[in-house]
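Per chain, numbering begins at 1; letters A, B, ... match sequence-line order.
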There are 4 protein chains.
Amino acid sequence: MSGNTFGKIFKIATWGESRGPGVGVVVEGCPAGLPLKESEIQKELDRRKTGQSKVTTTRRESDKIRFMSGVFQGQTTGTPISMLVENQDADSSKYELIKDLYRPGHADYTYQMKYGRRDYRGGGRSSARETVGRVAAGAIARKLLKRQKIKITGYTRQIGSLRAKNFDFREIEKNIVRCPDKIMADKMIAHVMKVRKKGDSVGGVVEVVAEGVPPGLGEPVFDRLDADLAKAVMSIPAVKGVEIGVGFEAAEMLGSECNDAFIMKGRKIATRTNHAGGILGGISNGETIVLRLVVKPTSSINKTQDTVTRTGKKSTINVEGRHDPCICPRAVPIAEAMVALTLIDHFLRQQLSQLK
Amino acid sequence: MSGNTFGKIFKIATWGESRGPGVGVVVEGCPAGLPLKESEIQKELDRRKTGQSKVTTTRRESDKIRFMSGVFQGQTTGTPISMLVENQDADSSKYELIKDLYRPGHADYTYQMKYGRRDYRGGGRSSARETVGRVAAGAIARKLLKRQKIKITGYTRQIGSLRAKNFDFREIEKNIVRCPDKIMADKMIAHVMKVRKKGDSVGGVVEVVAEGVPPGLGEPVFDRLDADLAKAVMSIPAVKGVEIGVGFEAAEMLGSECNDAFIMKGRKIATRTNHAGGILGGISNGETIVLRLVVKPTSSINKTQDTVTRTGKKSTINVEGRHDPCICPRAVPIAEAMVALTLIDHFLRQQLSQLK
Amino acid sequence: MSGNTFGKIFKIATWGESRGPGVGVVVEGCPAGLPLKESEIQKELDRRKTGQSKVTTTRRESDKIRFMSGVFQGQTTGTPISMLVENQDADSSKYELIKDLYRPGHADYTYQMKYGRRDYRGGGRSSARETVGRVAAGAIARKLLKRQKIKITGYTRQIGSLRAKNFDFREIEKNIVRCPDKIMADKMIAHVMKVRKKGDSVGGVVEVVAEGVPPGLGEPVFDRLDADLAKAVMSIPAVKGVEIGVGFEAAEMLGSECNDAFIMKGRKIATRTNHAGGILGGISNGETIVLRLVVKPTSSINKTQDTVTRTGKKSTINVEGRHDPCICPRAVPIAEAMVALTLIDHFLRQQLSQLK
Amino acid sequence: MSGNTFGKIFKIATWGESRGPGVGVVVEGCPAGLPLKESEIQKELDRRKTGQSKVTTTRRESDKIRFMSGVFQGQTTGTPISMLVENQDADSSKYELIKDLYRPGHADYTYQMKYGRRDYRGGGRSSARETVGRVAAGAIARKLLKRQKIKITGYTRQIGSLRAKNFDFREIEKNIVRCPDKIMADKMIAHVMKVRKKGDSVGGVVEVVAEGVPPGLGEPVFDRLDADLAKAVMSIPAVKGVEIGVGFEAAEMLGSECNDAFIMKGRKIATRTNHAGGILGGISNGETIVLRLVVKPTSSINKTQDTVTRTGKKSTINVEGRHDPCICPRAVPIAEAMVALTLIDHFLRQQLSQLK
């Protein structure tokens with residue numbers, strides 16, 4: 001029972017393989033009447049695309065989006081929105097080499113075991129190329145959220161042991177690692193380039209904040225907002241952990257430190273601190289939602305690694321080619337998209353909680 | 001659109017409030033032919049129940065389980081298994097005090113905002129009492145997994161700054177904090193008792209490992225095994241973060257360190273290290289699954305805290321009563337249950353991946 | 001993958017076997033703030049219950065309903081509403097006779113083949129007793145619909161070859177076959193009693209109309225309102241067909257006869273005729289929804305029938321006991337419940353179709 | 001909450017409008033390892049397409065299918081199968097006429113009311129063109145069923161008052177109304193041509209039988225096989241009723257007539273008659289499944305009809321153009337597809353019913 005669908009009301013289904021004819025997404029449940037242009041989607045896809053800077057893979061894909069249904073005279077009609085990006089012709093012959101060899105850290109082995117076969121060209125379905133559909137759908141979600149004054153911002157918080165200390169959101173898109181700390185950004189870039197030169201890769205932490213989320217989003221007891229956000233970002237390739245608010249620091253805190261006191265901010269109920277990261281009992285409390293996710297270092301590295309063949313013979317592999325030395329910069333728009341998709345779904349679900 | 005259901009094939013729906021008539025669960029999708037006794041469920045519930053030791057709340061609930069359907073002549077029939085625990089009569093009058101007051105760290109405010117009202121007696125639906133149904137259903141899941149030689153073990157890994165260093169699984173159920181490190185367990189107990197005496201509470205980290213999971217479980221691209229495990233444990237009250245394998249440490253690793261080389265173990269393909277925590281590309285790889293979750297310190301503390309009333313007046317609150325000073329010991333069986341429910345669901349889903 | 005859940009937003013899960021400890025239902029997705037009493041549910045259950053007249057089975061079950069969760073201080077809270085009817089102790093020994101024998105027309109054989117076993121006491125899960133949960137949940141749905149001025153009325157339209165000709169809704173609950181045609185009702189009763197005396201049973205047609213349904217309900221292209229209504233009533237035991245509006249008569253009509261012309265009724269757009277039965281393109285058009293379902297004659301008859309044993313030996317069976325000679329009278333409240341459950345689900349879904 | 005998805009395990013999502021860029025379908029849950037070619041899909045689409053004979057619309061669309069994902073080296077990979085048919089450029093200017101006018105029998109009015117707007121070109125989403133995706137997905141389902149020796153055959157049983165009397169399945173594809181009765185086929189064709197000449201249309205009944213279905217398919221109590229089949233075919237445009245086995249005739253039968261006696265056929269348990277149409281208690285019993293659906297006469301007729309404008313002014317309309325005078329011939333492959341999709345879904349679900 002395949003799991004290519006995300007969301008319950010605002011529901012997306014992505015399809016497509018890295019080196020197949022194309023990748024795409026069908027968005028169901030977008031309300032009718034939203035003005036929508038392909039260029040608005042394209043803008044977000046361009047933040048995700050390959051070859052955008054020296055800290056990403058230098059492979060170039062134009063990722064030109066096309067609406068196939070669901071938009072008429074510039075507005076959504078309430079019917080499924082099908083969006084398509086045709087893949088550009090690529091030489092798949094080089095992938096013959098990994099046909100029978102499992103790349104460490106990749107999904108080659110597990111896809112083979114699960115399905116008894118795999119599309120080995122460029123990682124097939126396990127490729128990050130699949131996230132094109134997520135970002136395209138996420139662009140619609142973000143536009144809907146914007147109407148509700150909900151704003152989502154993602155950025156690189158940490159690469160290797162380098163951590164952002166200043167959080168000036170205007171800086172984020174001004175540097176190629178998407179770090180809100182200008183000085184640290186330069187250090188991160190230098191570090192990534194050094195790692196790349198050695199044929200290696202490095203991990204990092206991405207943070208996403210959602211401002212303007214009203215209280216009441218989240219559906220206990222299983223579809224809590226934090227649980228659904230955790231699933232959303234853990235479904236991004238390479239993510240190995242997620243935390244909300246103080247996250248893992250909570251282990252060392254006392255209740256008297258961790259609890260956020262309720263206070264009045266003008267006529268609005270608020271909390272003095274935001275250790276909870278905007279979510280209490282699985283429901284948004286009106287404070288800024290704060291979420292962090294860790295991405296492992298890119299699995300494709302230009303170094304000789306031990307592995308085995310499909311028939312169980314010892315071998316080695318060196319994954320040559322043009323890979324992202326650090327996943328963070330391109331993970332930012334993907335993480336934002338997944339947070340947006342989760343929030344719009346819960347926003348719509350929340351419409352049904354009380355009698356009108 | 002309410003979120004009280006978990007799982008797609010092996011599906012559970014919990015119901016019930018802390019101080020209502022009872023709590024329960026309906027399990028759908030359990031295959032027919034599994035021998036099942038109430039005593040097997042009871043055993044797991046007893047590990048979760050209140051009053052089991054000095055480091056838990058001293059409130060006593062017997063949590064007697066009763067099969068209402070789905071089991072006939074000692075075997076499951078393939079129809080829904082309804083399980084019921086009637087609540088014991090409790091004096092709810094003390095809850096009148098919090099009727100119009102929001103307890104910091106609790107879900108009082110968010111439930112009120114979401115639904116426009118709430119059952120304020122003992123936290124109502126947001127109470128950890130809801131997890132009775134999860135543990136009961138989890139006991140069935142664990143029995144099904146056992147037939148597949150899959151074994152799930154949870155334990156307290158950290159309380160405050162005290163971290164387990166030895167991992168002797170035989171020790172876990174021998175101490176009241178459920179820590180596999182005997183020496184550290186004593187220190188943890190002493191620490192929890194000290195915190196309790198001050199009327200405060202403390203956080204911690206629970207680790208769950210699943211041994212014997214075959215390769216192939218997990219449904220990319222959204223229902224990845226890691227994504228669904230993350231959702232599962234993040235849906236437990238008080239959990240603020242989750243990580244798989246090396247988790248957040250991956251941020252500081254290089255690809256050449258983090259990648260797990262493939263090797264042969266006898267005739268079986270395996271990995272030399274297990275940084276991935278048993279999951280690659282969202283699919284189990286046959287190695288032990290390793291997952292950690294952080295629980296915040298219990299929100300109910302016997303200290304004066306600032307808060308506001310429902311109508312927005314400043315106030316203070318002191319949540320008296322008998323509360324768990326640390327959530328970890330009782331969170332262990334709940335976390336195990338959620339991992340078991342996720343694994344059995346994916347085990348059944350995996351049956352459908354290849355043609356037979 | 002078990003199918004005991006109905007609805008997507010207003011979602012119910014029934015559980016329970018005919019002669020097990022009880023039957024019940026968990027209702028998810030009922031908005032918070034609906035005043036609700038057990039007596040309102042009981043009233044509908046009493047229309048469904050056994051022993052209510054000489055044309056139903058004379059077996060007597062009190063079917064006393066109990067709220068287990070989701071209602072607090074007389075109002076729904078937005079959390080799952082669990083409702084329970086405990087079965088009264090029954091002598092199950094007589095069912096030992098059918099343990100290894102398949103009753104013609106019943107589900108004994110198919111359950112055995114599907115699950116490899118079955119609870120043979122009183123039909124187990126395949127018993128019409130399961131519909132207690134549907135009627136209980138339907139009572140909540142009807143109350144919600146009533147707030148929207150939507151009214152559902154069911155009645156017996158045909159028994160054997162006797163067809164109602166007058167449709168005075170005030171007559172329906174005044175006669176024991178629930179027929180809106182007073183004169184025909186008497187004939188139907190006489191016919192049913194004659195059939196019963198011979199140990200036989202007879203089929204019939206039930207019609208359900210829903211007045212006041214606003215235009216816009218239904219979710220093309222698969223979850224059309226007519227498709228979901230068809231599924232809803234076809235899931236009732238013994239139903240073998242369903243039609244909307246002119247139904248099967250459409251086969252012999254010309255387009256120029258069948259099309260309903262649009263006209264103005266005051267300032268409201270309406271149709272001159274209602275051949276469509278209130279649904280166009282799978283969406284309600286504001287006219288009265290008209291639906292008919294056929295129920296087969298009760299399978300349990302006091303006559304000798306050929307059958308086989310579980311091991312494939314020829315045998316005969318005579319299903320003695322107290323059975324409904326005609327299903328129609330008790331099918332009316334069940335059909336109404338299923339229509340109500342479908343309409344409230346689509347009413348809630350429709351809230352999400354357009355931007356607000 | 002949009003309803004463009006069908007099936008739970010073998011799940012399809014269709015998208016596309018009649019005169020938009022294209023129509024398509026994403027198939028999720030097809031097991032890996034099925035050999036599959038575009039030509040196999042094309043063959044089924046050609047049976048559905050326009051312009052195939054004088055009893056269908058003379059509009060010509062080539063409906064060329066293209067695999068976009070999920071098939072690699074001629075086999076399914078277990079990932080979503082995306083299939084696309086690009087629409088051919090069409091002059092949409094003629095649709096400006098119906099922009100503000102509601103065609104009787106069509107979904108113009110209900111889409112407008114539901115979504116507050118509609119794509120009025122060629123019926124937009126409500127067009128039968130949407131069924132391209134169903135037939136394409138159904139072709140895969142049929143191939144999977146064939147491996148299980150399950151064969152689905154559909155045909156026209158009735159047009160107007162002309163009913164097939166002989167059922168020679170070899171005749172079906174030999175005549176343009178797809179009727180298994182050669183003599184009646186000629187009469188039906190003559191009747192349809194006569195009706196067409198008058199600018200009118202006529203209704204009919206399509207029957208679908210599924211041979212070789214093993215006992216055990218169907219998931220009580222809501223996802224009964226008959227309930228899901230009913231939903232499946234009622235979701236086809238223009239269908240107004242469905243019946244299984246004896247269907248509406250059951251109303252006039254006695255239990256002693258209607259019950260199918262169990263007998264032994266060789267070493268296999270069977271029934272003497274098949275009034276149940278192959279389904280007992282919502283589960284297949286191993287007999288041939290027999291289902292009938294009624295289609296109304298095509299709503300588009302070349303006659304002047306009364307209607308109103310969007311702003312509520314009286315008007316008339318004459319839907320000129322090339323329309324199917326009878327829906328039956330082209331409804332046959334669509335009905336087969338929906339039955340196939342339902343059966344494969346339940347076949348896969350049944351794998352999970354018993355412990356292995």
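Of the atoms belonging to C:I9, it is side-chain heavy atoms, and not backbone ones, that fall under 4.5 Å from chain D. Contact of D:V295 with chain C is made through the backbone alone, with heavy-atom distances under 4.5 Å. Both the backbone and the side chain of D:I244 have a heavy atom closer than 4.5 Å to some heavy atom of chain C. If you measure heavy-atom distances from D:H106 to chain C, the contacts under 4.5 Å come from the backbone alone. With a threshold of 4.5 angstrom between heavy atoms, C:T307 approaches chain D through its backbone and through its side chain.
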Practice task
Please test D:E219 against C:K114 for salt bridge (charged side-chain N to carboxylate O under 4.0 Å, His left out), starting from the C-alpha separation and ending with a verdict.
Solution key: CA-CA 9 Å; D:E219 301 292 333; C:K114 181 174 192 66; 2.9 Å; yes
Practice task
Take D:D228 and C:K231, measure what side-chain contact (heavy atoms from CB on, under 4.5 Å) needs, and give me the verdict at the end.
Solution key: CA-CA 6 Å; D:D228 275 353; C:K231 171 165 178 163; 2.7 Å; yes
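Among all heavy-atom pairs drawn from D:I269 and C:T309, the shortest one is CD1-O, 4.1 Å.
The backbone N or O of C:T110 sits nowhere less than 3.5 Å from a side-chain atom of D:N285 that would complete a donor-acceptor pair. When atom types are taken as modelled, the side chain of D:D200 and the backbone of C:S256 share a donor-acceptor pair closer than 3.5 angstrom.
Partners of C:S315 under the side-chain hydrogen bond (donor to acceptor under 3.5 Å, both in side chains) rule, at least two apart in sequence or in another chain, do not exist in this structure.
With C:F222 as the fixed residue, the side chain to side chain contact (heavy atoms under 4.5 Å, CB included) test singles out one of D:T5, D:I12, D:L341, D:I236: D:I12.
Taking NZ of D:K296 as the start and CD of C:E257 as the end, the distance is 14.0 Å to the nearest 0.5 Å.
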